[in-house]
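Here's the structure, in structure tokens; my notes come after.
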Amino acid sequence: MDVAASSWLVIALGILGANLPFLNEKLFAAVPLKKAAQAEQGWRKPLALRLLEMVILYFIVGAVAFALEARIGNAFPQTWEFYAITGCLFLVLAFPGFVTRYLRKRR
């Protein structure tokens, strides 16, 4: 895989990973949570669980990006500034999912 394709793959994984917690009621889109609680009408996954899921997905996307970078050549060491910027970027990428889940009017 060349550099351009791996860059686009990381961007696509970042967008998907940032929005995934807000687009479904399952944990990581695969694990159902409390079938009895889901049977109750109006049950939703709590915001804290969605944010925790988003943090875990941030590290998963970061690990994939690091693996692709190491496959291309030498992986560069990163400092705290890199993680602060990519964390904020991940939050920005999650904005469409957040708006869809919490700010859009339900009719």
Side-chain angles (χ1 to χ4, degrees):
M1 183 180 298
D2 64 338
V3 176
S6 61
S7 299
W8 282 110
L9 178 64
V10 169
I11 291 170
L13 286 176
I15 292 170
L16 180 69
N19 288 299
L20 188 64
F22 298 106
L23 297 179
N24 60 43
E25 296 300 329
K26 294 181 179 181
L27 190 63
F28 300 111
V31 180
L33 299 172
K34 295 184 184 178
K35 292 182 182 181
Q38 286 180 350
E40 297 174 17
Q41 192 173 14
W43 184 85
R44 290 185 178 178
K45 187 167 47 171
L47 179 62
L49 186 58
R50 291 183 198 274
L51 294 177
L52 177 66
E53 185 178 355
M54 198 167 77
V55 167
I56 293 169
L57 287 169
Y58 166 76
F59 286 112
I60 291 172
V61 170
V64 169
F66 182 79
L68 289 173
E69 183 183 16
R71 189 169 181 242
I72 292 169
N74 291 339
F76 295 101
Q78 306 298 339
T79 58
W80 69 270
E81 292 95 345
F82 172 80
Y83 296 105
I85 291 170
T86 56
C88 291
L89 180 63
F90 206 73
L91 287 174
V92 169
L93 290 175
F95 185 71
F98 180 82
V99 167
T100 302
R101 173 62 60 191
Y102 293 109
L103 301 179
R104 188 183 66 168
K105 281 188 175 182
R106 309 242 186 241
R107 295 178 193 258

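Any value given below was found using the heavy atoms of this structure, including those in side chains, with hydrogens, waters and symmetry copies removed.
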Discussion item. I want to check something: taking the side chain as every heavy atom from C-beta on, are F28 and I56 in contact at a cut-off of under 4.5 Å?
Written reply: yes
Practice prompt. Decide side-chain contact (heavy atoms from CB on, under 4.5 Å) for L49 and L27; before the verdict, give the C-alpha distance in whole Å, the side-chain angles of both, and the deciding distance to 0.1 Å.
Written response: CA-CA 9 Å; L49 186 58; L27 190 63; 4.2 Å; yes
Worksheet item: Are the side chains of L103 and F98 in touch, meaning some heavy atoms are under 4.5 Å apart?
Response: yes
Practice prompt. Take atom OH of Y102 as the centre, draw a 6.0 Å sphere, and report whether it contains more than 12 heavy atoms from other residues, nucleotides or ligands.
Written response: yes
Worksheet item: Of all residues at least two apart in sequence or in a different chain, which pass the side-chain contact (heavy atoms from CB on, under 4.5 Å) check with N74?
Response: none
Worksheet item: Of the non-hydrogen atoms in P96 and L93, which two are nearest, and what is the gap between them?
Response: CD-O, 3.3 Å
Discussion item. To check you understand the geometry: which heavy-atom pair defines the closest contact between A18 and P21, and what is its length?
Written reply: O-CD, 3.6 Å
Item to complete: Identify whether V10 and F59 are in the same connected component of the hydrophobic contact network (ILVMFWY, side-chain heavy atoms under 4.5 Å).
Response: yes
Item to complete: Could you tell me the separation between the CG atom of D2 and the CD1 atom of I72, rounded to the nearest 0.5 Å?
Response: 8.0 Å
Fill in: Same cluster (ILVMFWY, side-chain, under 4.5 Å), L9 and F66
no
Worksheet entry | V99 with L91, same ILVMFWY side-chain cluster at under 4.5 Å | yes
Worksheet item: Considering only heavy atoms from C-beta outward, does the side chain of N19 approach that of F95 to under 4.5 Å?
Response: no
Discussion item. Tell me which pairs pass salt bridge (Lys or Arg N to Asp or Glu O under 4.0 Å) where either residue lies in residues 49-70, with sequence neighbours left out.
Written reply: E25-R50, K45-E53
Worksheet item: Mind checking whether L13 and I60 have side chains closer than 4.5 Å, heavy atoms only?
Response: no
Worksheet item: Would L51 end up clustered with V61 when hydrophobic side chains under 4.5 Å apart are linked, directly or stepwise?
Response: yes
Worksheet item: Going by heavy atoms in the side chains, are V55 and F90 under 4.5 Å from each other?
Response: no
Worksheet, complete the sentence: Taking every heavy atom of M54 against every heavy atom of A94, the minimum-distance pair comes out as SD-CB, 3.5 Å
Practice prompt. Using the test side-chain contact (heavy atoms from CB on, under 4.5 Å), find all partners of I11 that sit at least two apart in sequence or belong to another chain.
Written response: W8, I15
Worksheet item: Below 4.5 Å, heavy atoms only, C-beta onward: do Y83 and Y58 meet side chain to side chain?
Response: yes
